[in-house]
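The basis for the numbers below is simple: all heavy atoms, side chains too, and nothing from hydrogens, waters or symmetry mates. All chains are named by letter (A, B, ...) in the order of the sequence lines, taking the proteins before the strands, and each is independently numbered beginning at 1. No experiment lies behind these values; they were computed from the predicted model shown.
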Number of protein chains: 2
Amino acid sequence: MAAKRQTRAPVFAALGNETRLALVAKLCGGRPCSISQLTRGSKLTRQAITKHLRVLESVGIVRSVRRGRESRFEFDPQPLEGIKQYLDFVSEQWDQALSRLKSFVEE
Amino acid sequence: MAAKRQTRAPVFAALGNETRLALVAKLCGGRPCSISQLTRGSKLTRQAITKHLRVLESVGIVRSVRRGRESRFEFDPQPLEGIKQYLDFVSEQWDQALSRLKSFVEE
DNA sequence: CTAATATGCAACCTGGAGGTTGCTTAAGAT
DNA sequence: ATCTTAAGCAACCTCCAGGTTGCATATTAG
């Protein structure tokens with residue numbers, strides 16, 4: 001658990017941006033998309049979108065597969081499982097703290 | 001859902017840093033801590049820790065209560081619920097995409 | 001073959017994140 | 001009354017995230 005902490009912050013950071021959240025929302029629908037496709041419907045440049053995709057790719061949320069002249073990006077849910085576990089861990093700690101407080105007050 | 005998207009990125013971003021993750025891990029244990037307490041056991045300056053706490057506070061993960069000459073920070077799990085919901089939403093989309101693919105292949 | 005499309009690469013700009021130091025003020029401890 | 005500890009404020013520094021433009025290259029379409 002403690003060993004994994006160093007690897008989770010980058011995943012959170014990758015999600016800490018509206019544009020990237022929107023990309024994730026689009027790609028988790030299942031259909032792989034090319035960079036150009038992802039750029040249409042965004043106010044940003046293709047290069048800007050590309051950079052965001054590379055950030056997501058660097059933490060494994062997304063994977064790129066070259067297909068002819070276009071590179072298609074597809075979603076990978078695995079890194080998200082990791083941070084979900086972390087959030088559950090935090091919630092659990094908190095709940096336990098609350099129970100301890102409660103039993104302390106009751107006695 | 002779509003309306004909330006704009007408010008989740010900052011929460012993810014607040015967690016996208018090792019130091020802040022460590023602070024969260026400490027505070028979710030239930031015991032409120034002063035800035036000085038949180039600074040001991042870190043290699044950073046008190047002011048650096050303060051800045052990180054303000055970031056967490058700005059998204060509601062943490063709340064500060066003045067207690068005499070010290071300001072004690074306590075954890076608040078509520079914003080984390082929001083991003084958990086988002087992660088569940090993404091997973092659900094993904095699972096549905098997989099089922100669609102599966103039934104498409106099977107027919 | 002040529003034109004159009006999709007991407008890659010690199011330079012560049014700007015603002016803000018993350019950190020430090022120095023000084024001031026408030027509150028406890030002696 | 002004085003010393004010490006906790007915290008706030010502000011200036012400053014460095015580096016990188018996020019974005020742009022311009023040009024080069026690979027693929028596909030006509």
Open item on the list: Do the side chains of B:Arg67 and B:Glu70 get close enough for a salt bridge, i.e. N-O under 4.0 angstrom?
Closed with: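 Result for this pair is no, no salt bridge flagged.
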
Open item on the list: Return whichever of A:Gly68 or A:Val55 has its heavy-atom-nearest nucleotide of DNA chain D closer to the 5' end.
Closed with: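 In this pair, the answer is A:Val55.
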
Task: Presence of A:His52 side-chain N/O under 4.0 Å of D:dG19 phosphate oxygens OP1/OP2 - done: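 Yes, within the criterion.
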
Open item on the list: Check this one for me: any side-chain N or O of A:Asn17 less than 4.0 Å away from OP1 or OP2 of D:dG18?
Closed with: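 Result: yes.
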
Task: Any donor-acceptor N/O pair, B:Arg20 side chain to B:Leu15 backbone, under 3.5 Å - done: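 No.
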
- [ ] Look only at the side chain of B:Ser42 and the backbone of B:Leu44, and say whether a donor-acceptor pair between them is shorter than 3.5 Å.
- [x]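 Yes; judged by distance alone, with no hydrogens or angles, the pair exists.
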
Specify the separation, in whole Å, of atom [atom1] of [X] and atom [atom2] of [N].
X: A:Arg20; N: D:dA17; atom1: CZ; atom2: P; value: 9 Å
X: A:Leu53; N: D:dG19; atom1: CG; atom2: C1'; value: 15 Å
X: B:Glu18; N: C:dG18; atom1: CD; atom2: P; value: 12 Å

- [ ] Using side chain to side chain donor-acceptor pair (under 3.5 Å) as the criterion, list what pairs up with A:Arg72, not counting sequence neighbours.
- [x]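 Scan of A:Arg72 (side chain to side chain donor-acceptor pair (under 3.5 Å), adjacent residues dropped) gives none.
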
- [ ] Could you tell me which residues satisfy salt bridge (Lys or Arg N to Asp or Glu O under 4.0 Å) with A:Arg54, sequence neighbours excluded, listed by chain and number?
- [x]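 Applying salt bridge (Lys or Arg N to Asp or Glu O under 4.0 Å) to A:Arg54 gives A:Glu57.
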
Open item on the list: I'd like to check B:Leu23 versus B:Val62 (side-chain heavy atoms, cut-off strictly below 4.5 Å). Are they in contact?
Closed with: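 They are not in contact (no side-chain heavy atoms under 4.5 Å apart), so the answer is no.
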
TODO: Using a 4.0 Å cut-off on protein heavy atoms (strictly under), produce a 5'-to-3' string for nucleotides 6-11 of chain C with B for base contact, S for backbone-only sugar-phosphate contact, and - for none.
DONE: SBBB--

